[in-house]
2 protein chains.
Amino acid sequence: MTLTPTKLSKSEKTRQAILEAAQTLFYEKGYDGASVRQIAEAVPIDPAMIMRYFGSKEGLFSAAALVDLRLPDLGSIPRDLAGKGLVRHFLMLWEGDRSGIGLPILLRSAVSNQNVADKIHEVFEEQVVPAISGLVPEGEEDSCAGLIVSQLFGLALCRYILRLSPVAEMTEQEIVERIGAVIQFHLDAARDTAGSNRP
Amino acid sequence: MTLTPTKLSKSEKTRQAILEAAQTLFYEKGYDGASVRQIAEAVPIDPAMIMRYFGSKEGLFSAAALVDLRLPDLGSIPRDLAGKGLVRHFLMLWEGDRSGIGLPILLRSAVSNQNVADKIHEVFEEQVVPAISGLVPEGEEDSCAGLIVSQLFGLALCRYILRLSPVAEMTEQEIVERIGAVIQFHLDAARDTAGSNRP
DNA sequence: CGAGAAAGTCAACGATCGTTGACTTAACTG
DNA sequence: CAGTTAAGTCAACGATCGTTGACTTTCTCG
């Protein structure tokens, strides 16, 4: 057989090892701050292997920072719980297992890298806007989603990146309640203001 | 005289020129992204002069990223206008003249630099918390300030750094109204929840 | 003018970076 | 076992970085 003795071929195993080390370092230090050599040293493997498996540092980053937000169907929960639900889901991307690390990686690197910022635009349009489009009137999805993302990105920035004391030390529950109320506020505001400026 | 023929001594003029070029480039590309050589080329001057005037790249950054938020006295305006006022003032740091560029510079670099993140902590404790401490009950200042800063930093992140379409394209007035309402929401929530979890 | 200080230039240092190609070792196949 | 392919190592490339010290130019003042 050309395939796996136990589960994964040998090359696939090192490929995964590289990917995990890359995710850890890209998450901690961003795209520019994490060097190919440091990632290789963490595996450990020769830096040249990274080029063989992923072509370039950019190729490695693209493979390490895939984002699938797996946003829940907000239509299936009571409308007035959507705010808290979104915050809880968002917190899990940072505090949960490795499967949700894509967005944290992107956010850490987007500030100093326009290509990465563009990737966030894609995630926004393909995953965030559709998820909340059922909750707000037509024509309000974009601006409402933008305002919600502003609050959630600001939360992640202060809590996980800057580690601003009060925000970093709040319990998960406190965050869900106080930020959830704000997200809910945005959702309700979008419903209320709709039509007020229409022909 | 040893001093100025017109207004500034020659050395002070180039010092200012270096500082302005540094602010522009640090703002656009962050601490790591902007090199001493690029800044020197923009002045234009030899890179060695930067070391003579500011000692090191860190010294230049410290001089370029001084932050004085000049927050207004929130006690002198109606309490229910504080939210919008804070947002308006915050937007001016990015869209106003060069005098308010300190925080934008810090924010751009803090994501990939722990030293800069610590500087933001200082600004938070010395300037932000005192400014809003008169508006919320004792014991709530820190958490309330943290939540407000979360929203404002998230706004700056999406509007000026990521340039996320809906947030970047809103008019200043729209932002003031919709984000201002959220800031006001945080302030009111801090007043309401005070005492509910007290001994 | 001429001496001395200030302002500015120049070339080079060691370090790190992403990337490459030649080479060696391990694994699989006939 | 022999031969081919895959997996991994090694040394080096050109580029850029922050920083340094020696040098030259410009200005100031006795």
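Hydrogens, waters and symmetry mates play no part in the numbers below; they use all other heavy atoms, side chains included. Residue numbers start from 1 in every chain, and the chains themselves are labelled A, B, ... in the order their sequence lines are given, proteins ahead of strands.
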CG on Leu187(B) to CG on Leu147(B), rounded to 0.5 Å: 10.0 Å
Could you please name the option among dT19(D), dG18(D), dG8(D) that lies closest to any side-chain atom of Met49(A)? dG8(D)
Partner of Arg159(B) under salt bridge (charged side-chain N to carboxylate O under 4.0 Å, His left out), picked from Glu172(B), Glu169(B), Glu95(B), Glu174(B), is Glu95(B)
Distance-minimising heavy-atom pair for Arg98(A) and Glu20(A): NH2-O, 3.2 Å
Indicate yes or no: at least one non-hydrogen side-chain atom of Lys29(A) is less than 4.5 angstrom from one of Gln38(A). yes
Go through the side-chain N and O atoms of Lys119(B) and Ser62(B) and say whether any donor and acceptor fall under 3.5 Å apart. yes
Starting at CD1 of Ile18(A), measure out to CD of Gln23(A) and round the result to the nearest 0.5 Å. 12.5 Å
Can you find a side chain N or O atom of Ser35(B) that sits less than 4.0 Å from OP1 or OP2 on dC17(D)? yes
Cut-off 3.5 Å, side chains only: do Ser112(A) and Tyr31(A) have a donor facing an acceptor? no
Can you pull out the residues from residues 38-48 of chain A that lie within a 4.0 Å heavy-atom distance of DNA chain D? Ile45(A), Asp46(A), Ala48(A)
Interatomic distance where CD1 belongs to Ile50(A) and C1' belongs to dA7(D) [whole Å]: 15 Å
Compare side-chain N and O positions of Thr14(A) against OP1 and OP2 of dG8(D) and report whether any pair is under 4.0 Å apart. yes
Within this structure, what is the CZ-to-C1' distance between Arg15(B) and dG8(C), rounded to whole angstrom? 16 Å
Kindly indicate whether the side chain of Leu157(B), heavy atoms from C-beta on, has any atom under 4.5 Å from the side chain of Leu155(B). no
Length of the NZ-C1' vector between Lys13(B) and dG8(C), whole Å: 15 Å
Taking atom P of dA11(D) as reference, at what distance in whole Å does atom CZ of Arg37(A) sit? 13 Å
Quick one: is Ser11(B) getting a side-chain N or O under 4.0 Å of the dA6(C) phosphate, OP1 or OP2? no
Taking only heavy atoms on the protein side, list every residue of residues 52-65 of chain A lying under 4.0 Å from any atom of DNA chain D, sorted numerically. Arg52(A), Tyr53(A)
In whole angstroms, the gap separating P of dG18(D) from CE of Met51(B) amounts to 9 Å
Would you find a donor on one side and an acceptor on the other, under 3.5 Å apart, between the side chain of Glu141(B) and the backbone of Gly139(B)? yes
